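Data first, discussion second: the structure below is written as structure tokens.
Because the structure is a prediction, the values reported are computed rather than measured.
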Amino acid sequence: MDDGCSERALLVAKMHGLCKNMNQTFEATLQMSGTKVELLYRISCAHEQNQQALQQTLNLDAAAITRHLRKLEEDGLLIREKRAPDRRATFIRLTALGETRLTELIAQKEAFQRQLLDGLSKQELAGFADILERMSANITR
């Protein structure tokens, strides 16, 4: 019986702690959630995006994506609009401010990634990527 102190349990607890700390530090550094950064990036790549397609791409529920987009719109980073003839579809594009902010966020994200992975060799990173892929496969089977 596993009492929660086995090597595996401790390793999973360390991974959980790392994920939590990594997300909190990332968000504090960028002053924005990873989800919002990803939304801005996806919209920018497409130059314009249908909200429903964006929701499916990022696997977010309708309420969550609406909440994120509303906040980004309030911050002046994007514009949401409905168009004729189908007024149900919402199209999203970045504002000039949104493009500028995204450029800053990408630079900050890259700096964060360099800091996070500092001191790890290419071989260690490749091995770690392999381990993560195998763990991911274990979850989905």
Side-chain angles (χ1 to χ4, degrees), residues 2-141:
D2 186 348
D3 63 3
C5 294
S6 69
E7 282 185 39
R8 288 176 184 242
L10 293 173
L11 181 61
V12 171
K14 281 183 180 183
M15 287 188 306
H16 176 73
L18 173 62
C19 287
K20 186 176 176 182
N21 187 19
M22 189 172 61
N23 286 333
Q24 288 173 343
T25 304
F26 179 84
E27 291 180 10
T29 300
L30 274 66
Q31 294 296 301
M32 185 177 289
S33 72
T35 301
K36 287 183 179 128
V37 174
E38 185 67 19
L39 280 167
L40 292 173
Y41 177 76
R42 296 291 177 122
I43 295 164
S44 177
C45 287
H47 301 292
E48 181 175 80
Q49 186 71 266
N50 175 297
Q51 182 170 330
Q52 188 172 10
L54 191 59
Q55 175 186 338
Q56 291 171 348
T57 300
L58 295 176
N59 195 27
L60 295 171
D61 64 58
I65 195 160
T66 298
R67 186 174 56 253
H68 288 307
L69 293 173
R70 183 177 301 129
K71 175 66 173 131
L72 292 168
E73 187 175 34
E74 288 171 3
D75 292 345
L77 303 178
L78 59 82
I79 296 170
R80 294 183 302 161
E81 62 185 7
K82 298 195 183 285
R83 296 196 193 128
D86 184 0
R87 305 277 304 157
R88 292 174 294 176
T90 302
F91 292 88
I92 306 143
R93 69 180 189 281
L94 296 186
T95 61
L97 177 61
E99 289 285 353
T100 299
R101 182 70 177 117
L102 178 59
T103 300
E104 296 166 354
L105 289 166
I106 289 171
Q108 290 175 306
K109 180 180 176 181
E110 289 170 356
F112 177 80
Q113 290 168 344
R114 280 191 302 276
Q115 177 188 358
L116 180 67
L117 302 174
D118 185 43
L120 299 176
S121 70
K122 287 184 181 184
Q123 185 178 9
E124 288 172 320
L125 291 172
F128 186 54
D130 180 58
I131 290 169
L132 291 175
E133 286 177 27
R134 291 179 10 218
M135 290 171 68
S136 208
N138 288 343
I139 292 172
T140 58
R141 61 175 154 141

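Rounded to the nearest 0.5 angstrom, Leu72 CG and Leu40 CG are separated by 5.0 Å. Atom CD of Gln115 sits about 12.0 Å away from atom CZ of Phe26, to the nearest 0.5 Å. For the atom pair OG1 (Thr57) and CD (Gln52), the distance works out to 10.5 Å, reported to the nearest 0.5 Å. Between atom CG of residue Leu58 and atom NE2 of residue His68 there is a gap of 9.5 Å, rounded to the nearest 0.5 Å. Between Leu78 atom CG and Arg101 atom CZ the span is 13.5 Å, to the nearest 0.5 Å. Rounded to the nearest 0.5 Å, atoms CG (Asp118) and CZ (Arg114) are 10.5 Å apart.
Pairing each heavy atom of Arg93 with each of His47, the nearest pair is CB-O, 3.6 Å. Minimum heavy-atom separation, Phe91 to Glu48: CD2-OE1, 4.0 Å. Of all heavy-atom pairs between Leu94 and Ser44, the closest is CD1-CB, 3.6 Å.
Counted by atom type alone, Thr66 and Gln55 present zero donor-acceptor pairs between their side chains at under 3.5 Å.
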Exercise for review: Starting from the C-alpha separation in whole Å, work towards a yes-or-no answer on side chain to side chain contact (heavy atoms under 4.5 Å, CB included) for His16 and Val12.
Suggested key: CA-CA 6 Å; His16 176 73; Val12 171; 5.5 Å; no
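Side chain of Glu27 to main chain of Gln24: no donor-acceptor pair is present (N/O by atom type, distance under 3.5 Å, no hydrogens or angles). Of the possible donor and acceptor atoms, one in the side chain of Thr95 sits under 3.5 Å from a partner among the backbone N and O of Gly76. Formation of a donor-acceptor pair under 3.5 Å by the Asp75 side chain with backbone atoms of Leu77 is not found in this model.
Using a 4.5 Å heavy-atom threshold, the side chains of Leu69 and Glu73 count as separate. Inter-residue side-chain proximity for Thr25 and Phe112 is flagged as met; some heavy-atom pair is nearer than 4.5 Å. For the pair Lys36 and Leu30, the minimum side-chain heavy-atom distance is 4.5 Å or more.
Legend: residues meeting side chain to side chain contact (heavy atoms under 4.5 Å, CB included) with Ser136, ordered by chain and number and at least two apart, are absent.
Using a 4.0 Å cut-off between a side-chain N of Lys or Arg and a carboxylate O of Asp or Glu, Arg42 and Glu38 qualify as a salt bridge. Between Asp130 and Arg134, at least one side-chain nitrogen of the basic residue sits less than 4.0 Å from a carboxylate oxygen of the acidic one, meeting the salt-bridge criterion.
Counted within 6.0 Å of CD on Gln123, heavy atoms from surrounding residues, nucleotides or ligands total 12 or fewer; the atom is thus considered open. Within a 6.0 Å radius of CG in Asn21, other residues, nucleotides and ligands contribute more than 12 heavy atoms.
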